[in-house]
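First comes the structure, then the notes that go with it.
All residue numbers refer to positions in the sequence shown, counting from 1. Note that the coordinates shown come from a computational prediction; the quantities given were computed from them, not determined experimentally.
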Amino acid sequence: TLMPIAFGTSTGQEFAAATSYTLPAVAADGTNKYAIVGVFIRSATGTITGVTFNGVAMTNLGSGFNSTADTRSYIWGLANPTTGDVVVSGDTSLVAEVIASIYTGVAQSSSTGTFASASGLGTDVTVDVTSATDELVVDMHAEKTTNDSTVGAGQTLRKRSPATGDGDPGTLYTSDEAGATTVTMSWTQGTSDQWVTAAVPLKPVAAAVSNWLLMGV
């Protein structure tokens, strides 16, 4: 028996040019927790070198790069986070959008499936993710300059950074959708714009089985 994966909280913030950014006191409540941190930057050569959650190093699950727009969307993950600051570090001074989300009911080892990303120019955004029933696919969609994307069918918007207005370096969104053999994460941009989207499936934790059931009682 698998426990359902549930969304907990999501915090986002836009940061001026710096080599380090801090999301303060991000709450990490619940059981079988997993933290997802998305970072969006615009730079031809600059990169994010590390992310910590309450001082614990997160794992870089992958990044998507739009070479035409020099934009990158990262996803970092950590099993069993504890409430504290999320600190993002770069190798040069960068403007960034950062979103941190907490999910519960996630397997604490082998927590994620295969990372996927896509990029392009236009109004229609899609990325296909290999997943499975009972999993949950989480994406980080970044548009270069505007702030007018709407979430696709079957997805639930969890956060947008910045909340309103045009962002610099742009706008970062996160959503999630129930897993299936293939899940297409999609967005519609109100204005034709460069975009890059990253996504990863979360795997559920097995529910505890009663000893009475194991004994056949």
Indicate yes or no: at least one non-hydrogen side-chain atom of [X] is less than 4.5 angstrom from one of [Y].
| X | Y | answer |
| --- | --- | --- |
| S20 | V87 | yes |
| I102 | P81 | yes |
| Q155 | S186 | yes |
| D139 | S175 | yes |
| Q194 | E143 | no |
| D70 | F65 | yes |
| R158 | D176 | yes |
| E14 | P162 | yes |

In sequence, state the C-alpha distance, the side-chain angles, and the governing distance for Q189 and W195, and then conclude on side chain to side chain contact (heavy atoms under 4.5 Å, CB included). CA-CA 9 Å; Q189 299 186 150; W195 58 269; 3.3 Å; yes
Between [X] and [Y], is there a shared hydrophobic cluster once you connect ILVMFWY residues whose side-chain heavy atoms come closer than 4.5 Å?
| X | Y | value |
| --- | --- | --- |
| I5 | M140 | yes |
| I99 | V200 | yes |
| L94 | V86 | yes |
| I75 | V106 | yes |
| M185 | V37 | no |

State, without any angle test, whether [X] and [Y] hold a side-chain donor-acceptor pair at a distance under 3.5 Å.
| X | Y | result |
| --- | --- | --- |
| H141 | S149 | yes |
| D148 | T191 | yes |
| N147 | T171 | yes |
| T104 | N32 | no |

What heavy-atom pair brings [X] and [Y] nearest, and what distance separates the two atoms?
| X | Y | result |
| --- | --- | --- |
| L2 | P204 | CD1-CG, 3.8 Å |
| A199 | V137 | CB-CG1, 4.3 Å |
| G12 | K159 | N-CE, 3.6 Å |
| G46 | D91 | CA-OD1, 3.5 Å |
| G64 | F115 | N-CZ, 4.1 Å |
| K33 | A28 | NZ-O, 3.2 Å |

Hey, could you give me the [atom1]/[atom2] distance between [X] and [Y], rounded to the nearest 0.5 Å?
| X | Y | atom1 | atom2 | answer |
| --- | --- | --- | --- | --- |
| I36 | L61 | CD1 | CG | 5.5 Å |
| L202 | D134 | CG | CG | 13.0 Å |
| T174 | L157 | OG1 | CG | 8.0 Å |
| N66 | T68 | CG | OG1 | 5.0 Å |
| Y74 | M58 | OH | CE | 14.5 Å |
| S63 | R72 | OG | CZ | 4.0 Å |

Donor-acceptor pairs are to be reported for all side-chain atoms of residues 119-129 against protein atoms at under 3.5 Å, with residues two or more places apart or in another chain.
unit_1	atom_1	unit_2	atom_2	d
D128	OD1	T184	OG1	2.6

Partners of Y103 by ring pair (Phe, Tyr, Trp, His ring centres under 6.0 Å), sequence neighbours excluded? F7
Just jot down the ring pair (Phe, Tyr, Trp, His ring centres under 6.0 Å) partners of Y21, sequence neighbours excluded, or say none. F15
Checking side-chain hydrogen bond (donor to acceptor under 3.5 Å, both in side chains) for the pair D85/T22: CA distance, chi angles, key distance, verdict? CA-CA 6 Å; D85 296 347; T22 300; 5.7 Å; no
I would like to know whether W187 and V151 meet side chain to side chain contact (heavy atoms under 4.5 Å, CB included); could you show each step before the answer? CA-CA 5 Å; W187 298 79; V151 71; 3.8 Å; yes
Walk me through whether L78 and V56 qualify under side chain to side chain contact (heavy atoms under 4.5 Å, CB included). CA-CA 8 Å; L78 178 66; V56 178; 3.9 Å; yes
side-chain hydrogen bond (donor to acceptor under 3.5 Å, both in side chains) between S161 and E97, worked out: CA-CA 6 Å; S161 178; E97 304 288 348; 2.8 Å; yes
Quick one: do D193 and T145 satisfy side-chain hydrogen bond (donor to acceptor under 3.5 Å, both in side chains)? Show the steps, please. CA-CA 7 Å; D193 195 10; T145 56; 3.2 Å; yes
Qualifying residue, where the test is side chain to side chain contact (heavy atoms under 4.5 Å, CB included) with F40 and the options are I48, V98, L172, V95: L172
Given the ring of Y173, does R160 sit roughly above its face, with NZ or CZ under 6.0 Å from the centre of the six-membered ring and within 45° of the axis? no
Between the side chain of S93 and the main-chain N/O of A18, is any donor-acceptor distance below 3.5 Å? yes
